**Student:** 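Dropping the structure in here first, questions after.
In this text the structure is predicted, and so the values were computed from the model without any measurement.
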Amino acid sequence: MMETDVIGQALVRAFAQRGLEATLPDPSTISVRLAGGASANADIGSWREHALSYGPAGLEEAAAAYAEQAAKAFERAGADVPEADLRVRLYPEEALGGMLDALVARRLAPGLVEAVVIDYPDAIAPLDRSRLGDLPEESAFGGALAHSIEEEPHYRESATVHGVPVTHVGGAHRYVGAHVHVLRRHTGQAPRGALVSFPLPEYMLVHEIGDVHLFAAMEALQELSQRLFESGDKPISPRLYWWRPGAHEEQPHPQALYGPLLPDLRPVGIWIDHREKSVSFLTEDTNELVELWMRDHE
């Protein structure tokens, strides 16, 4: 006697309750016929493994939740790109993995990626390149950056951490990192740039490089960034970057947001052994930054 696919049939029923016909071409795939007649497929292999832990009642509830989310995703994927809802969100590079080429995303700095996302009322969805249509990718990025920077509320606060002035740029949303494209708004002249970190989607930390001792500034920002990274939801990275103002910042705003040039961000870091009174540089760019700072303060 053939065994009944309890998990698969629970999903089929859940879609049927939402007026959608679903079939199982194979155990790892569900195919759903959409309102316009097209079909959408989804890999349910991982969901099947997750569903094994549910009893009969729990399985029906889990299948209903999956079908609800999938139905919304299928509907949205078939709609035109809502340009007014585009935003830019920063991710650690490993978070997107093999999906990077399929998304409207680009490498912002070593270990750091920025992606165009759609800000739905109930979810944030990375934008697939296949949905761009006639919209140029740079236009998608430009519009998403402009919306993230100008339309999303944010605040800027200054604090002193171990004697080091630090600017906190924050907001009650996950698009604060877009402000790296307008860092001039959050610093002074900054001839040597600034130390910047993105521990959480809601925070960007900035220290303008100046008269405060560079080692003290780097150590304070590293500690603060690590603490935020470990305490928040969906952390990005505790890594410290050296922002070097250049060609991107010389462009007029907002044209700079729509062009191919990006802020120059270079990973830097130090390790201080206070007992031995020694300092180790963690990247090659740290060497250059220290040399420039020392030269300015001879």
Side-chain angles (χ1 to χ4, degrees), residues 89-95 108-114 154-188 190-245 263-297:
R89 180 173 174 180
L90 268 56
Y91 292 91
E93 194 165 0
E94 63 272 13
L108 179 62
L112 196 63
V113 166
E114 60 179 4
H154 71 279
Y155 64 85
R156 181 175 63 224
E157 294 179 351
S158 296
T160 300
V161 181
H162 303 311
V164 176
V166 180
T167 297
H168 298 244
V169 183
H173 54 83
R174 298 189 183 276
Y175 314 123
V176 172
H179 280 259
V180 71
H181 289 264
V182 289
L183 269 171
R184 284 288 190 201
R185 297 186 184 183
H186 306 296
T187 67
R192 291 301 185 195
L195 300 174
V196 186
S197 74
F198 311 90
L200 297 171
E202 302 86 358
Y203 286 99
M204 180 175 72
L205 304 178
V206 184
H207 166 76
E208 182 177 344
I209 298 169
D211 290 335
V212 173
H213 199 286
L214 181 62
F215 293 169
M218 294 180 75
E219 185 176 37
L221 248 71
Q222 286 176 169
E223 291 179 0
L224 178 57
S225 187
Q226 184 69 42
R227 192 158 65 243
L228 288 169
F229 175 81
E230 292 174 353
S231 65
D233 183 40
K234 307 284 187 186
I236 300 175
S237 173
R239 181 179 289 184
L240 204 60
Y241 293 92
W242 171 26
W243 168 61
R244 301 188 63 167
D264 186 355
L265 298 172
R266 307 186 184 192
V268 293
I270 59 172
W271 169 257
I272 299 180
D273 188 328
H274 291 280
R275 179 177 298 178
E276 297 294 330
K277 297 182 179 179
S278 63
V279 181
S280 300
F281 302 157
L282 303 182
T283 70
E284 291 185 7
D285 288 303
T286 306
N287 296 338
E288 182 180 356
L289 173 58
V290 171
E291 288 179 7
L292 291 173
W293 189 88
M294 290 292 190
R295 189 184 308 161
D296 291 341
H297 294 82

**Student:** Please report the closest heavy-atom contact between Trp293 and Leu214, naming both atoms and the distance.
**Tutor:** CZ2-N, 3.5 Å
**Student:** Would the distance check show the side chain of Arg192 and the main-chain N or O of Asp296 forming a donor-acceptor pair, the cut-off being under 3.5 Å?
**Tutor:** no
**Student:** Do Pro238 and Pro199 touch side chain to side chain, with heavy atoms closer than 4.5 Å?
**Tutor:** no
**Student:** Report the C-alpha distance between Tyr241 and Leu108 in whole Å, list the side-chain angles of each, state the deciding distance to 0.1 Å, and finish with yes or no for side chain to side chain contact (heavy atoms under 4.5 Å, CB included).
**Tutor:** CA-CA 11 Å; Tyr241 293 92; Leu108 179 62; over 6 Å; no
**Student:** Salt-bridged, Arg89 to Glu114, with N to O below 4.0 Å?
**Tutor:** no
**Student:** Can a donor-acceptor pair be found, under 3.5 Å and without considering hydrogens, that links the side chain of His181 to the backbone of Pro263?
**Tutor:** no
**Student:** What's the shortest heavy-atom distance between His207 and Pro165, and which atoms?
**Tutor:**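 That closest heavy-atom pairing would be ND1-O, 2.8 Å.
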**Student:** Might you work through the side chain to side chain contact (heavy atoms under 4.5 Å, CB included) test for Arg174 and Glu202, ending with a clear yes or no?
**Tutor:** CA-CA 5 Å; Arg174 298 189 183 276; Glu202 302 86 358; 3.2 Å; yes
**Student:** Which pair of heavy atoms, one from Ala194 and one from Thr187, lies closest together, and at what distance?
**Tutor:** CB-CG2, 4.4 Å
**Student:** Any chance the side chains of Arg156 and His186 put a donor and an acceptor closer than 3.5 Å?
**Tutor:** yes
**Student:** Side chain to side chain contact (heavy atoms under 4.5 Å, CB included) with Met204: which of Thr167, Ile236, Leu183?
**Tutor:** Leu183
**Student:** With no hydrogens and no angle check, just 3.5 Å: does a side-chain donor-acceptor pair link Gln226 and Gln222?
**Tutor:**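 Note: Gln226 and Gln222 side chains miss the donor-acceptor criterion.
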**Student:** Mark yes or no for whether Tyr155, through its side chain, and His168, through its backbone, hold a donor-acceptor pair below 3.5 Å.
**Tutor:** no
**Student:** With Arg184, which residues qualify under side chain to side chain contact (heavy atoms under 4.5 Å, CB included), at least two apart?
**Tutor:**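 Listed in chain order: Ala190, Trp243, Pro245, Glu249.
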**Student:** Which atoms form the tightest heavy-atom contact between Gly269 and Thr286, and what is the distance?
**Tutor:**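 The answer is N-OG1, 3.0 Å.
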**Student:** Is it the case that the side chain of Ser237 and the backbone of Pro92 share a donor-acceptor pair, with hydrogens and angles ignored and the cut-off at 3.5 Å?
**Tutor:**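 No; judged by distance alone, with no hydrogens or angles, the pair does not exist.
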**Student:** Do side-chain atoms of Thr283 reach the backbone of Pro267 as a donor and acceptor pair under 3.5 angstrom?
**Tutor:**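 A pair under 3.5 Å: yes.
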**Student:** How long is the span from the CZ atom in Phe229 to the CG atom in Leu200, to the nearest 0.5 Å?
**Tutor:** 8.5 Å
**Student:** Ignoring hydrogens and geometry, is there a side-chain-to-backbone donor-acceptor pair from Glu219 to Ile272 under 3.5 Å?
**Tutor:** no
**Student:** How about Glu223: does its CD atom have over 12 heavy atoms from other parts shown lying under 6.0 Å from it?
**Tutor:**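 Atom CD in Glu223 is packed in, count exceeds 12.
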**Student:** Do Ile209 and Leu292 touch side chain to side chain, with heavy atoms closer than 4.5 Å?
**Tutor:**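 Result no, sub-4.5 Å side-chain heavy-atom pair not found.
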**Student:** Provide the closest heavy-atom pair for Phe215 versus Ile270 in the form atom of the first, atom of the second, distance.
**Tutor:**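 Looking at all heavy atoms of both residues, the closest pair is O-CD1, 3.5 Å.
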**Student:** Check the surroundings of atom CG in Asp211: do more than 12 heavy atoms from other residues, nucleotides or ligands lie under 6.0 Å from it?
**Tutor:**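 At most 12 heavy atoms, drawn from other residues, nucleotides or ligands, come within 6.0 Å of this atom.
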